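Worksheet: the structure to be examined is printed underneath.
Computed from a prediction, not measured in an experiment: that's the story for all the values here. Proteins come first, then strands; the chains are lettered A, B, ... in the order of their sequence lines, and each starts at number 1.
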Amino acid sequence: AQSVSQHNHHVILSEAASLELGCNYSYGGTVNLFWYVQYPGQHLQLLLKYFSGDPLVKGIKGFEAEFIKSKFSFNLRKPSVQWSDTAEYFCAVNAASSASKIIFGSGTRLSIRP
Amino acid sequence: DVKVTQSSRYLVKRTGEKVFLECVQDMDHENMFWYRQDPGLGLRLIYFSYDVKMKEKGDIPEGYSVSREKKERFSLILESASTNQTSMYLCASNSLGVGQEAFFGQGTRLTVV
């Protein structure tokens with residue numbers, strides 16, 4: 001069975017600081033990996049995803065993530081955060097088949113000090 | 001634009017009541033999901049359906065059942081609501097194929113008193 005670990009529960013940064021949020025997954029086969037964001041009061045939306053090809057994927061709003069297969073990791077990065085990045089971030093994984101469960105991590109709450 | 005619509009934004013129910021949460025998607029997606037979201041626990045999968053009348057248990061199915069009689073509609077049923085089922089419930093859907101992300105509804109905040 002798949003599982004996802006997000007070790008940072010709450011991260012507090014100042015504007016313009018660099019961001020890296022950790023995500024590790026557990027699954028023996030080929031996976032699809034996702035990062036979702038939930039802004040206060042809004043529904044979850046996709047930031048970026050990896051399913052094949054270049055392990056460095058770029059998403060919306062300047063976010064990127066790198067898939068490192070040997071480490072079972074898919075960390076999210078942004079070189080310079082803004083106050084508007086305040087949100088909760090979720091990493092998710094599913095087995096790379098057509099009908100499979102999507103399993104989410106426990107989330108990381110990001111607070112940006114103006 | 002994909003739309004996943006949950007029938008209620010807020011619900012208050014009494015302990016022991018039977019509760020129905022409805023979800024409809026308009027993109028002909030094969031897969032549909034029900035999650036509950038609790039602070040510090042993230043999203044936990046309750047049930048997953050990959051076709052009409054087909055379902056699989058997720059990580060926390062106890063106390064819940066589901067129904068999928070039509071492709072676009074996926075219902076979550078709390079047979080006898082309890083206070084520990086007070087939570088935010090999220091419905092999602094995605095299509096078949098590699099790397100297909102899930103699209104989420106706005107959530108139903110259920111309070112059981």
- Query: Between Y35(B) and I102(A), does a side-chain contact (heavy atoms from CB on, under 4.5 Å) hold up when you go through it step by step?
  - Reply: CA-CA 10 Å; Y35(B) 295 89; I102(A) 303 178; 3.4 Å; yes

- Item | Among N94(A), L46(A), L47(A), N32(A), side chain to side chain contact (heavy atoms under 4.5 Å, CB included) partner for E101(B) |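 Single pass found, and it is L46(A).
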
- Do you know which of Y47(B), Y50(B), F48(B) makes side chain to side chain contact (heavy atoms under 4.5 Å, CB included) with K101(A)? F48(B)

- Task: State, to 0.1 Å, how close S106(A) and G40(B) come at their nearest heavy-atom pair, and which atoms those are.
- Result: CB-O, 3.7 Å

- Looking only at non-hydrogen atoms, find the nearest pair between L43(B) and F90(A) and report the distance.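 Between these two residues, the closest heavy atoms are CD1-CE2, 3.7 Å.
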
Among the clusters formed by ILVMFWY side chains lying less than 4.5 Å apart, do [X] and [Y] turn up in the same one?
| X | Y | result |
| --- | --- | --- |
| L21(B) | L44(A) | no |
| Y27(A) | F104(A) | yes |
| I77(B) | M54(B) | no |
| L13(A) | L76(A) | yes |
| M88(B) | Y39(A) | yes |

- chain B contact via Q38(A) - which portion, at a heavy-atom distance below 4.5 Å: side chain

- Examine whether an atom of Y36(A) lies under 4.5 Å from a heavy atom of chain B, and if so say whether it belongs to the side chain, the backbone or both; otherwise answer neither. side chain

- Does atom CZ of R73(B) have more than 12 heavy-atom neighbours, drawn from other residues, nucleotides or ligands, at distances under 6.0 Å?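 Not more than 12 within 6.0 Å, no.
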
Need one label for [X]: side chain, backbone, both or neither, based on atoms under 4.5 Å from any heavy atom in chain A.
| X | value |
| --- | --- |
| Q37(B) | side chain |
| D59(B) | side chain |
| R109(B) | neither |

- If you tally heavy-atom pairs under 4.5 Å against chain A, which of L45(B), L41(B), L90(B), D38(B) wins?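 The candidate making the most pairs under 4.5 Å is L41(B).
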
- Message: For chain A, which candidate among G105(B), A102(B), G107(B), P39(B) shows the most heavy-atom pairs at distances under 4.5 Å?
- Response: A102(B)

- Query: Is the side chain of K49(A) donor-acceptor paired with the backbone N or O of G99(B) at a distance under 3.5 Å, no angle test?
  - Reply: yes

- Query: Highest number of heavy-atom pairs under 4.5 Å with chain B: which of R109(A), Q45(A), H43(A)?
  - Reply: H43(A)

- Kindly state whether the ring of F34(A) and the ring of F104(B) have centres lying under 6.0 angstrom apart. no

